[in-house]
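No experiment lies behind these values; they were computed from the predicted model shown.
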Amino acid sequence: CDVPQALERPSSAGASEGEVGALTWAGAHGAMHALMHVFKLFVCIDSGDIGVACVSEHGPPPMDRLRLLILDAQPGGLGLCEEAFEQAFALVREARKLVEECPCKDGCPGCVIDTGCIKYNQCVSKMGSLAWLKSLEGPTSDQTLEDEEEEMMESAGAEAAARSAAAGLEGIRRRI
């Protein structure tokens, strides 16, 4: 799909020169679909509970500037996006992994294609989706995240052991 150059995200927003062309509506569209695919890993939803601002090659873009928009699709909302926002970084990481690890070349229903897309998946780019998700994720690697999670678990374990020891000492004091 031909996207007007004015709709491209500038390279100063964190993208390398090679990614600039991919950071268009087509990339945003696919990234939103990927985020929808992994949303249900974080929040209990039905397929019609959330929606995205999709774009087609015919007609104006759905917003005044490039951004990813996932919304509660039910009138008045159900608070699903608010619930997911608390886990936004993990949501983006899982969406990036989904797209990156998918063996297809140009996008499929397993990564950036949504069978319920109101714009019939026109103007979707797998490469652009990956560029969007990587730029949102930032420089943090999976290994760094795993290390941080391990440190948190070790810290939680040490705290639990300290509480257990304190409770044991308190029990001994009561008996004396």
Side-chain angles (χ1 to χ4, degrees), residues 9 13-14 22-56 61-160 163-164:
R9 184 174 169 185
L23 292 172
T24 62
W25 278 110
H29 190 178
M32 287 185 276
H33 286 175
L35 287 164
M36 282 179 58
H37 288 322
V38 299
F39 201 94
K40 60 185 153 256
L41 299 173
F42 298 90
V43 179
C44 186
I45 62 165
D46 191 32
S47 60
D49 290 342
I50 59 171
V52 298
C54 295
V55 64
S56 78
M63 296 171 277
D64 61 341
R65 65 177 197 256
L66 279 171
R67 63 184 119 177
L68 303 184
L69 178 65
I70 298 175
L71 49 104
D72 281 2
Q74 301 302 320
L78 299 172
L80 301 172
C81 291
E82 199 172 309
E83 188 177 338
F85 186 76
E86 296 171 8
Q87 303 171 73
F89 292 111
L91 188 71
V92 170
R93 181 182 69 230
E94 291 305 313
R96 189 249 323 142
K97 287 165 101 176
L98 176 77
V99 175
E100 199 170 57
E101 294 171 4
C102 185
C104 75
K105 183 179 178 211
D106 297 319
C108 70
C111 61
V112 298
I113 301 296
D114 177 36
T115 56
C117 179
I118 61 171
K119 298 296 184 176
Y120 308 105
N121 294 295
Q122 294 176 351
C123 207
V124 173
S125 164
K126 180 178 180 178
M127 181 184 81
S129 303
L130 192 54
W132 264 95
L133 295 165
K134 282 182 175 181
S135 73
L136 287 172
E137 193 174 25
T140 305
S141 70
D142 286 335
Q143 186 59 47
T144 302
L145 290 170
E146 288 172 13
D147 291 346
E148 288 174 4
E149 288 171 359
E150 189 175 312
E151 285 177 24
M152 286 174 46
M153 293 300 285
E154 288 173 3
S155 175
E159 289 174 18
R163 281 193 302 272
S164 178

Donor on one side chain, acceptor on other, His37 and His33, under 3.5 Å: no
Spacing of CG belonging to Leu41 relative to CG belonging to Leu98, to within rounding of 0.5 Å: 9.0 Å
Set of residues satisfying side-chain contact (heavy atoms from CB on, under 4.5 Å) with respect to Cys104, sequence neighbours excluded: Cys102, Cys108, Cys111, Lys126
Interatomic distance, Trp25 atom CH2 to Met32 atom CE [nearest 0.5 angstrom]: 6.0 Å
Over all atoms of both residues, closest heavy-atom pair of Trp132 and Ala31: CB-CB, 3.9 Å
Gap separating the CE atom of Met36 from the CG atom of Asp49, nearest 0.5 angstrom: 10.0 Å
Asn121 side chain vs Asp114 backbone, donor-acceptor pair below 3.5 Å: yes
Approximate separation, where rounding is to 0.5 Å, of Leu136 CG and Leu35 CG: 7.5 Å
Heavy-atom pair with the smallest gap, counting every atom of Glu137 and Arg93: OE2-CG, 3.2 Å
Inter-residue atom distance Lys105.NZ - Met127.CE, 0.5 Å rounding: 11.5 Å
Rounded distance [0.5 Å steps], CD in Gln74 versus CD1 in Ile50: 11.0 Å
Reference residue Phe42; test side-chain contact (heavy atoms from CB on, under 4.5 Å); the match among Glu86, Glu83, Gln87: Gln87
Validation row: Leu80, Phe39 side chains within 4.5 angstrom (heavy atoms): yes
Where Ile70 and Cys81 come nearest, the two heavy atoms and their spacing: O-SG, 3.6 Å
Check against salt bridge (charged side-chain N to carboxylate O under 4.0 Å, His left out), Lys97 and Glu100: CA-CA 5 Å; Lys97 287 165 101 176; Glu100 199 170 57; over 6 Å; no
